[in-house]
Amino acid sequence: MAEKRKALITGITGQDGSYLADLLLEKGYQVVGLSRRSTHYHYENIDHLIGKIQLEYGDLLDPHSIEQIIADYQPDEVYNLAAQSVPADSWRQPIVTAEITALGPLRVLEALSRHKPDARFYQATSREIYGGLEQEVIDESAPFLANNPYGVAKLYAHLMTRTYRQSYGLFACGGILFNHESPRRSLHFVTRKVTMAAAYIHLGADNPPVNEAGQPLVANSKVRLGNLDAVRDWGYAKEYVEAMWLMLQQDEPQDYVIATNTVHTVRDLCDVAFARVGLDWRDHVEVDPRFMRPTEIAASRGDYSKARAELGWEPRTQFKELVELMVDEDVRQLEQAR
């Protein structure tokens, strides 16, 4: 009987990590997840996986813990999804963003080169590496123009992944993922803020969670947001992790853009989310300057032609469907909590 393939996922408690763990377990992998030590052991996104995965505690800030885990488990595939992943927070915490999001992947690459050089490595790169690039459609050939601390950190990690591939022969891939969302998305992100706010207002629920300013997400039946004209290419995270896995199954390591090649504004997001529960978003959304980015990324959509041709991957869930399923799940969770 063939031995199970073994995968290590950093950031397993996040949206992408939990969906990827689901996928790999379905494919028969042994899954090891890296998480930072905490005073609690409740991880909402992976509660359903307890007993099915091995959870190890470590930190991308600590190279010794990373090296020890890789040396002990000898994983066949490593997916680095851990990061300080909120672009808005990167201006307030640029140094910790650099340490985790830029240097963290380098520590993983170094550990692999020393202890498991034949492992296949996936680095979660971001659309933010293109930042302010004024180009309507972006593919793998587009020039990098990161314009915020998060994007710059992701770009460093992306270029180091490429460097270790070219210089040391590691099977290392960068997945350049445009925005991808789901009901497992953190409330730090505008999509989940909007869908959760719509659900709260619709149900008249009490005790809303707090926003990034430490204030109630919903107050007086209103949610406060930043730039409503910001444009994003939004896809479904559950489908995007399939592309991550496919990248590591190829004969040669390469980088791929994963996106939908469509764009919508935050205003569109509000419209669809509130309409799902029979409300007019204009009655419930206020613009708050505190949530404006110092610099905004350009309005671009991602061309996933290479992924479609070489990986056989393409998005299946459209924007409206995605937003509505997120609202439906938030409503379900709030009703269950009652």
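Since this is a predicted model, take the numbers as computed values, not measurements.
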### Query
Of all heavy-atom pairs between Leu248 and Cys173, which one has the smallest distance, and what is that distance?
CD2-SG, 3.9 Å
#### Entry: Sole residue of Ile138, Thr262, Asn261 in side chain to side chain contact (heavy atoms under 4.5 Å, CB included) with Arg301
Asn261
### Query
Between atom CD of Gln54 and atom CG of Leu49, what is the distance when rounded to the nearest 0.5 Å?
13.0 Å
## Note on the structure
For Val108 and Ile70 the tightest heavy-atom approach is O-CD1, 4.2 Å
### Query
More than 12 foreign heavy atoms under 6.0 Å from CG of Asp118: is that the case here?
yes
### Task
Indicate if Leu279 and Leu217 have the same hydrophobic cluster label, given that clusters are the connected sets of ILVMFWY residues with side-chain heavy-atom separations under 4.5 angstrom.
yes
### Task
Could you check if a side-chain atom of Val223 sits within less than 4.5 angstrom of a side-chain atom of Phe274, using non-hydrogen atoms only?
yes
### Message
Checking the side chain of Asp233 only, and the main-chain atoms of Thr260 only, is there a donor and an acceptor separated by less than 3.5 Å?
### Response
yes
### Residue among Lys6, Lys4, Lys116, Arg5 satisfying salt bridge (Lys or Arg N to Asp or Glu O under 4.0 Å) with Glu77
Arg5
### Message
Test side chain to side chain donor-acceptor pair (under 3.5 Å) on Tyr73 and Glu56; report intermediate values, then the result.
### Response
CA-CA 11 Å; Tyr73 283 96; Glu56 287 286 344; 2.5 Å; yes
### Message
As an exercise, state the distance from CG of Asn179 to OG1 of Thr191, rounded to the nearest 0.5 Å.
### Response
8.0 Å
### Message
Between Arg276 and Asp328, does any NZ, NE, NH1 or NH2 come within less than 4.0 Å of an OD or OE carboxylate oxygen?
### Response
yes
### Query
Can you say whether the rings of His158 and Phe144 are parallel (under 30°), tilted (30 to 60°) or perpendicular (over 60°)?
perpendicular
### Query
Above 12 or not: heavy atoms from other molecules or residues under 6.0 Å from NE2 of His64?
no
### Query
Between the side chains of His180 and Asp16, does any donor sit under 3.5 Å from an acceptor?
yes
### Message
Could you tell me if the side chain of Trp245 sits less than 4.5 Å from the side chain of Leu24, heavy atoms only?
### Response
yes
### Summary
All heavy atoms of Ile46 vs all of Ser18, minimum pair found to be CG2-CB, 3.7 Å
### Query
Do NZ/NE/NH1/NH2 and the carboxylate oxygens of Glu99 and Arg107 come within less than 4.0 Å?
yes
### Task
Would you tell me whether Asn80 and Thr10 have side-chain atoms, one donor and one acceptor, within less than 3.5 Å of each other?
yes
### Query
Side-chain donor-acceptor pair under 3.5 Å between Arg162 and Gln123, yes or no?
no
### Query
Is there a donor-acceptor contact under 3.5 Å linking the side chains of Gln135 and Ser300?
no
### Query
Are Leu225 and Val263 co-members of a hydrophobic cluster defined by side-chain heavy atoms under 4.5 Å apart?
no
### Query
Do Asn148 side-chain atoms and Gly151 backbone N/O form a donor-acceptor pair below 3.5 Å?
yes
### Message
Strictly below 4.0 Å, N to O, side chains only: are Arg120 and Asp76 in salt-bridge contact?
### Response
no
### Message
Looking at Lys222, is its backbone amide N or carbonyl O close enough to the side chain of His284 to form a donor-acceptor pair, meaning the two atoms are under 3.5 Å apart?
### Response
no
### Query
Is the shortest heavy-atom distance from the side chain of Tyr304 to the side chain of Pro315 under 4.5 Å?
yes
### Query
Taking side chain as C-beta onward, heavy atoms only, is Glu44 less than 4.5 Å from Thr13?
no
### Query
Under 30°, 30 to 60°, or over 60°: which ring-plane class applies to Tyr240 and Trp313, parallel, tilted or perpendicular?
perpendicular
## Note on the structure
All heavy atoms of Ala82 vs all of Gly11, minimum pair found to be CB-N, 3.6 Å
### Task
Kindly indicate whether the side chain of Arg165, heavy atoms from C-beta on, has any atom under 4.5 Å from the side chain of Leu170.
no
### Smallest separation among heavy atoms of Met247 and Gly175, with atom names
CE-CA, 3.7 Å
### Task
Please determine if Lys306 forms a cation-pi arrangement with Tyr256, meaning its NZ or CZ atom is less than 6.0 Å from the six-membered ring centre and no more than 45° off the ring axis.
yes
### Query
Which heavy-atom pair separates Ile12 from Gly33 by the least distance, and what is that distance?
CD1-CA, 3.6 Å
### Task
Could you tell me whether Arg192 sits above the aromatic face of Phe189, with NZ or CZ closer than 6.0 angstrom to the six-membered ring centre and within 45 degrees of the axis?
no
### Message
Measuring only between side-chain heavy atoms, which start at C-beta, is Tyr130 closer than 4.5 Å to Ile176?
### Response
yes
### Flag side-chain contact, heavy atom, 4.5 Å: His264 against Arg232
no
### Query
So Tyr236 and Tyr19, would you call those rings parallel, tilted or perpendicular, with 30° and 60° as cut-offs?
perpendicular
### Message
A quick test of your reading: do over 12 heavy atoms of other residues, nucleotides or ligands sit less than 6.0 Å from NZ of Lys238?
### Response
no
### Query
Under a 4.0 Å N-O cut-off, is there an ion pair linking Arg332 with Glu329?
yes
#### Entry: NZ or CZ of Arg224 within 45° of Phe291 ring axis and under 6.0 Å
no
### Message
For the CD atom on Glu252, are there more than 12 heavy atoms of other groups (residues, nucleotides or ligands in this structure) within a distance under 6.0 Å?
### Response
no
### Task
Can you measure from CH2 (Trp234) to CZ (Phe319) and round to the nearest 0.5 angstrom?
5.5 Å
### Task
Starting at CG of Leu8, measure out to CZ of Phe121 and round the result to the nearest 0.5 Å.
10.0 Å
Enumerate donor-acceptor pairs with a distance under 3.5 Å from any side-chain N or O in residues 201-209 to protein atoms, sequence neighbours excluded.
none

### Task
Drop me the distance from Tyr29's OH to Ile9's CD1, to the nearest 0.5 angstrom.
10.0 Å
### Task
Compare all side-chain heavy atoms of Asn211 with those of Pro216 and state whether any distance is below 4.5 angstrom.
no
### Message
Salt bridge or not between Arg316 and Glu242? Use side-chain N to carboxylate O under 4.0 Å.
### Response
yes
### Query
Would you say the side-chain atoms of Asp330 and Thr195 include a donor-acceptor pair closer than 3.5 Å?
yes
### Message
Looking only at the side chains, is there a donor atom on one of Thr317 and Glu239 sitting less than 3.5 Å from an acceptor on the other?
### Response
yes
### Query
When hydrophobic residues are tied together by side-chain contacts of less than 4.5 Å, even through go-betweens, does Trp281 share a cluster with Val277?
yes
### Task
For atom NZ of Lys52, decide whether the heavy atoms of other residues, nucleotides or ligands shown that lie under 6.0 angstrom number more than 12.
no
### Message
Any donor-acceptor pair under 3.5 Å linking the side-chain atoms of Asn45 with those of Gln15?
### Response
no
### Query
Should we say atom CD of Gln318 is surrounded by more than 12 heavy atoms from elsewhere, each under 6.0 Å from it?
no
### Task
Answer yes if Leu81 and Ile69 sit in the same cluster of Ile, Leu, Val, Met, Phe, Trp and Tyr residues linked by side chain heavy atoms under 4.5 Å apart, and no otherwise.
no
### Query
Taking atom OG1 of Thr163 and atom CG of Leu109, what is their separation to the nearest 0.5 Å?
9.5 Å
